[in-house]
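Structure record follows, encoded as structure tokens.
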Amino acid sequence: MKTQLIEEAYRIARERYAAVGVDTDEALEKLQRVSLSLHCWQADDVTGFENRGGELTGGIQATGNYPGKARNVEELRADILKAASYIPGTHRLNLHEIYGEFGGEKVDRNEVEVKHFAGWIEWARAHGMKLDFNSTSFSHPKSGSLSLSNPDPEIREFWIEHTRRCRAIAEAMGEAQGDPCIMNLWVHDGSKDLTVNRMLYRELLRDSLDRIFEQKYDHMKDCIESKVFGIGLESYTVGSNDFYIGYGASRGKIVTLDTGHFHPTELVADKLSSLLLFTPEVMLHVSRPVRWDSDHVTIMNDDTLELCKEIVRCDALDRVHIGLDYFDASINRIGAYVIGSRATQKCMMQALLEPLAKLRAYEADGQGFERLALLEESKSLPWNAVWDMFCLKNDVPVGEEFIADVQRYEAEVTSKR
Ligand SMILES: C[C@H](O)[C@H](O)[C@@H](O)C(=O)CO
Ligand SMILES: [Mn+2]
């Protein structure tokens with residue numbers, strides 16, 4: 001798109017927003033400081049490098065068989081960099097433990113070390129990308145249906161050791177990058193059928209977590225992620241939302257809200273203000289559930305918009321970390337990264353452009369009609385002209401221009417895999 005047109009549209013939008021008390025230049029600066037944590041697992045359908053060709057187990061599933069997924073660390077890194085080149089701003093990379101570089105060795109999960117991520121730390125430094133991390137309880141012979149809450153002490157110890165080691169890796173990442181590495185802990189533990197021992201497994205999970213978190217670190221932050229149910233584990237989830245809210249609030253841990261992990265009519269955005277009052281920070285996994293936690297590519301829908309608006313309305317841009325979490329194996333995977341990341345940023349752009357002062361003044365005065373009218377009108381204010389300017393400033397394709405570029409990369413690179 002012509003630079004002149006974008007600048008002209010921006011100039012008009014700036015005036016239009018100024019009329020409702022919004023400074024578009026300030027919104028652009030704020031959006032520039034919002035880093036997304038890009039999930040590495042969209043590039044290869046959550047396969048990782050530990051057990052290539054192995055089954056994805058543990059309550060999650062990637063559906064689709066689109067050609068060209070990343071098969072090794074080089075391809076994964078190239079794909080991430082390609083995707084990032086279409087996403088304005090500076091972003092983080094979120095790694096799972098199964099993406100370590102094990103050099104063809106059999107390194108079991110309770111043996112993983114910082115050295116297996118030395119290459120990632122170096123690569124991230126070279127590309128100005130900060131890292132986040134995740135322990136991996138799924139896709140392993142000892143995953144079963146219970147890991148950290150398993151009554152068998154041998155299996156439980158195995159996963160405690162794994163998670164402790166992952167925290168040490170996250171600490172090393174955080175120290176190397178001079179910025180805390182956020183380590184997410186999600187375990188699939190649950191039961192396919194009825195259980196008569198809900199309390200037992202939750203006690204075991206609480207005790208395992210307490211032991212895992214005994215070691216204090218300065219360069220990493222822990223977050224804990226609940227889920228409503230996993231595939232094959234439909235009747236009971238040990239790490240439910242209530243469990244982790246209780247755990248996070250009582251232990252000062254960050255709770256992760258995955259937008260696919262709640263009942264379909266629950267509004268995840270509504271949870272933010274409550275959590276922020278009782279826990280230090282919040283981690284988000286922005287996804288798009290369709291009927292279930294299907295991990296469809298995030299789009300600019302009401303759920304994501306409301307989520308971003310709540311972050312801004314809670315004045316919590318520095319306390320809410322935004323990670324993406326979806327894995328669609330049925331479409332071009334680089335395109336999936338670009339669509340989901342840009343959609344999240346577009347929602348944040350609109351959130352930052354909301355005429356909040358005016359809306360709040362109406363609300364304080366009990367002017368319900370005026371508040372609703374402005375909320376409605378602000379939906380059609382020219383936020384897209386501000387977004388285009390953001391892309392222009394960041395030297396990434398404006399509008400749909402990235403489609404042809406992604407197609408080119410597919411023709412030249414991923415289709416040859
Ligand atoms: C692969 C991730 O750890 C996983 O998606 C987790 O965050 C989750 O959301 C499981 O449903
Ligand atoms: Mn998640």
Side-chain angles (χ1 to χ4, degrees), residues 39 41-42 45-48 54-65 96 98 109 134-152 155-156 158-159 162-163 184-209 223-248 255-268 270-271 283-298 303 323-330:
H39 54 313
W41 50 93
Q42 165 61 53
D45 316 337
V46 214
T47 305
E55 222 195 320
L56 178 58
T57 68
I60 50 175
Q61 195 178 17
T63 55
N65 196 20
H96 244 285
I98 46 171
R109 304 258 175 108
N134 300 254
S135 51
T136 312
S137 69
F138 50 83
S139 305
H140 185 277
K142 287 194 169 72
S143 295
S145 48
L146 298 170
S147 62
L148 290 175
S149 63
N150 203 309
D152 179 342
I155 298 199
R156 201 166 66 247
F158 176 87
W159 290 111
H162 166 71
T163 319
N184 189 55
L185 187 155
W186 169 72
V187 291
H188 55 281
D189 297 32
S191 172
K192 180 182 168 83
D193 217 326
L194 305 177
T195 170
V196 290
N197 249 331
R198 288 169 188 273
M199 181 63 114
L200 170 73
Y201 307 117
R202 291 196 170 125
E203 268 176 354
L204 288 169
L205 180 56
R206 180 199 59 193
D207 294 348
S208 295
L209 294 175
C223 48
I224 44 182
E225 180 182 9
S226 70
K227 180 159 172 145
V228 72
F229 75 92
I231 297 179
L233 303 165
E234 292 86 358
S235 297
Y236 166 71
T237 303
V238 186
S240 60
N241 183 42
D242 313 68
F243 175 90
Y244 282 123
I245 298 232
Y247 193 89
V255 172
T256 301
L257 296 177
D258 183 314
T259 56
H261 289 191
F262 295 89
H263 293 282
T265 53
E266 273 187 273
L267 192 58
V268 180
D270 182 52
K271 300 175 188 300
M283 178 78 205
L284 296 177
H285 276 187
V286 186
S287 187
R288 178 167 50 110
V290 178
R291 314 265 176 233
W292 62 288
D293 181 27
S294 56
D295 292 297
H296 279 64
V297 178
T298 297
D303 294 337
L324 302 178
D325 184 12
Y326 50 81
F327 28 100
D328 189 339
S330 74

Any donor-acceptor N/O pair, [X] side chain to [Y] backbone, under 3.5 Å:
| X | Y | answer |
| --- | --- | --- |
| H261 | S240 | no |
| S191 | Y236 | no |
| Q42 | D328 | yes |
| T237 | V228 | yes |
| E234 | G232 | yes |
| D293 | P289 | no |
| S137 | S147 | no |

- Message: Measuring only between side-chain heavy atoms, which start at C-beta, is T256 closer than 4.5 Å to S226?
- Response: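 Side chain of T256 against side chain of S226, heavy atoms only: no contact under 4.5 Å found.
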
- Item | Check: W159 and L146 side chains under 4.5 Å, non-hydrogen atoms |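 No, their side chains stay 4.5 Å or more apart.
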
Indicate the ring-plane relationship of [X] and [Y], choosing parallel, tilted or perpendicular according to the 30° and 60° boundaries.
| X | Y | answer |
| --- | --- | --- |
| Y247 | F243 | parallel |
| W41 | H96 | perpendicular |
| H39 | Y326 | perpendicular |

- Message: How long is the straight-line distance from NZ of K192 back to CG of L233, given to the nearest 0.5 Å?
- Response: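 Rounded to the nearest 0.5 Å, the CG-NZ separation comes out at 8.5 Å.
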
- Supply the atom-to-atom distance T163 OG1 to L209 CG, rounded to the nearest 0.5 angstrom.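 Spacing of OG1 (T163) from CG (L209) equals 8.5 Å.
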
- Task: Hey, could you give me each pair passing side-chain hydrogen bond (donor to acceptor under 3.5 Å, both in side chains) that has a residue in residues 199-208? Not counting sequence neighbours.
- Result: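 For residues 199-208, and leaving out neighbouring residues, there are no side-chain hydrogen bond (donor to acceptor under 3.5 Å, both in side chains) pairs at all.
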
- Message: Going by salt bridge (charged side-chain N to carboxylate O under 4.0 Å, His left out), name the residues that satisfy it together with K142, two or more places apart in sequence or in a different chain.
- Response: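 K142 satisfies salt bridge (charged side-chain N to carboxylate O under 4.0 Å, His left out) with no residue once adjacent residues are dropped.
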
- Taking atom types as modelled, find out whether D189 and S149 have a side-chain donor-acceptor pair closer than 3.5 angstrom.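 Short answer, yes.
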
